[in-house]
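The structure that follows is given in the form of structure tokens.
Bear in mind the structure is a predicted one, so any value in this text is a computation, not a measurement.
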Amino acid sequence: MSADILQIGPHALRSRLIVGTGKYASFQQMEEALEASGVQMVTVAVRRVNLDRAKESLLDFVNPKKYILLPNTAGCYTKEDAVRTARLGRAAGLSNLVKLEVIGDERTLMPDTEALLAATKELVKDGFIVMPYTNDDPVMAKKLEDAGAVCVMPL
């Protein structure tokens, strides 16, 4: 495999850029930004996705044949909520990948690393490809890796 390829679980990526789908003025603007970026993997906040396909949804503007969807658990403050949200994303057909976030402090959005580690262990056992979003603590990063995280995403 080429050194230019980033392997995340079963996905071989030429681009190391992962772009979110929030904060755009419109779905059309988001779609244009994704196209212009050359990105291959796109994060999708499960809690913010309208899963009622009878109404317009950001999923109408992110082609899953073109982009690898990376559902995330943004907005989750407990292990239970993060695990439930990841399972909802998978059940909705998004992916078994998950950018796992468990917020510990509402003001700073720093993670609750104990809950993050527990959620990682549970989701790995449940067949998820877990990419935990954590602080810059190398000891916790090693614990997350040992728990089965495919990679660690530092703040």
Side-chain angles (χ1 to χ4, degrees), residues 1-77 81-104 108-113 116-117 119-120 123-124 126-138 140-142 144-145 147-155:
M1 180 172 301
S2 168
D4 293 339
I5 299 296
L6 173 63
Q7 190 74 38
I8 298 178
H11 304 286
L13 306 173
R14 293 177 311 283
S15 173
R16 283 163 169 65
L17 180 64
I18 301 172
V19 177
T21 53
K23 310 292 186 206
Y24 294 97
S26 68
F27 290 140
Q28 291 80 13
Q29 184 184 60
M30 175 199 67
E31 186 177 37
E32 292 168 6
L34 295 178
E35 180 66 33
S37 73
V39 71
Q40 291 176 273
M41 186 175 281
V42 178
T43 64
V44 176
V46 175
R47 297 170 70 106
R48 296 184 189 121
V49 172
N50 179 7
L51 297 175
D52 176 3
R53 299 311 301 250
K55 299 176 184 173
E56 186 176 66
S57 168
L58 79 88
L59 296 176
D60 297 323
F61 297 87
V62 180
N63 182 349
K65 292 180 180 161
K66 183 171 186 171
Y67 302 107
I68 299 164
L69 299 181
L70 176 58
N72 70 51
T73 61
C76 293
Y77 288 85
D81 198 19
V83 167
R84 184 180 324 102
T85 300
R87 289 178 176 153
L88 175 63
R90 181 169 67 183
L94 297 178
S95 180
N96 68 332
L97 280 171
V98 63
K99 176 184 173 196
L100 184 61
E101 301 179 37
V102 182
I103 299 169
T108 65
L109 302 179
M110 292 294 285
D112 176 340
T113 55
L116 185 68
L117 180 59
T120 297
L123 289 171
V124 166
D126 199 18
F128 281 87
I129 300 169
V130 181
M131 302 167 65
Y133 184 68
T134 189
N135 58 15
D136 61 355
D137 177 355
M140 180 53 68
K142 180 64 175 144
L144 291 163
E145 178 187 31
V150 68
C151 66
V152 176
M153 302 178 77
L155 302 167

request  = Output yes when a side-chain donor or acceptor of Arg16 lies under 3.5 Å from a complementary backbone atom of Asp4, and no otherwise.
outcome  = yes
message = Contact between Asp137 and Thr113 at the side-chain level, heavy atoms closer than 4.5 Å - yes or no?
response = no
ask   = Between Glu101 and Ala82, what is the shortest heavy-atom contact and its length?
value = O-CB, 3.9 Å
ask   = Which value, rounded to the nearest 0.5 Å, describes the distance between Ser26 atom OG and Glu56 atom CD?
value = 9.0 Å
key: Nearest-0.5 Å distance, CD1 of residue Ile18 to NZ of residue Lys99   = 8.0 Å
ask   = Considering all heavy atoms of both residues, which atom of Ile129 and which atom of Gly9 are nearest to each other, and what is their separation?
value = CG2-CA, 4.4 Å
request  = Could you tell me whether the side chain of Leu155 reaches within less than 4.5 Å of the side chain of Asp136, counting heavy atoms only?
outcome  = no
query = Is Leu13 close to Ile68 at the side-chain level, that is, under 4.5 Å between some pair of heavy atoms?
reply = yes
query = Looking at CE of Met153 and CG of Leu100, how far apart are the two atoms once the value is rounded to the nearest 0.5 Å?
reply = 11.0 Å
Taking every non-hydrogen atom, the tightest pair across Leu97 and Leu69 = CD1-O, 3.7 Å
Shortest non-hydrogen separation from Leu117 to Ala147 and the atoms involved = CD1-CB, 3.9 Å
Anything under 3.5 Å between a donor and an acceptor, one on a side chain of residues 37-48, the other on a protein residue two or more places apart or in another chain? List them.
| unit_1 | atom_1 | unit_2 | atom_2 | d |
| --- | --- | --- | --- | --- |
| Ser37 | OG | Leu34 | O | 2.8 |
| Ser37 | OG | Val39 | N | 3.1 |
| Gln40 | OE1 | Arg14 | N | 2.6 |
| Gln40 | OE1 | Ser15 | N | 2.9 |
| Arg47 | NH1 | Asp81 | OD1 | 3.2 |
| Arg47 | NH1 | Asp81 | OD2 | 2.7 |

inquiry  = Looking at every non-hydrogen atom in both residues, tell me the closest pair between Asn72 and Thr85 and how far apart they are.
reply    = O-CG2, 4.3 Å
message = Nearest 0.5 angstrom please: Ile103 CD1 to Leu109 CG, how far?
response = 5.0 Å
Glu31 side chain reached by Tyr24 side chain, heavy atoms, under 4.5 Å = no
inquiry  = When you compare the side chain of Leu70 with that of Ser95, does any pair of heavy atoms fall below 4.5 Å?
reply    = no
ask   = Looking at Arg90 and Asp126, what are the two nearest heavy atoms and their distance?
value = NH1-O, 2.9 Å
message = Let me confirm one number: the CZ-OG1 distance from Phe27 to Thr21, rounded to the nearest 0.5 Å.
response = 8.5 Å
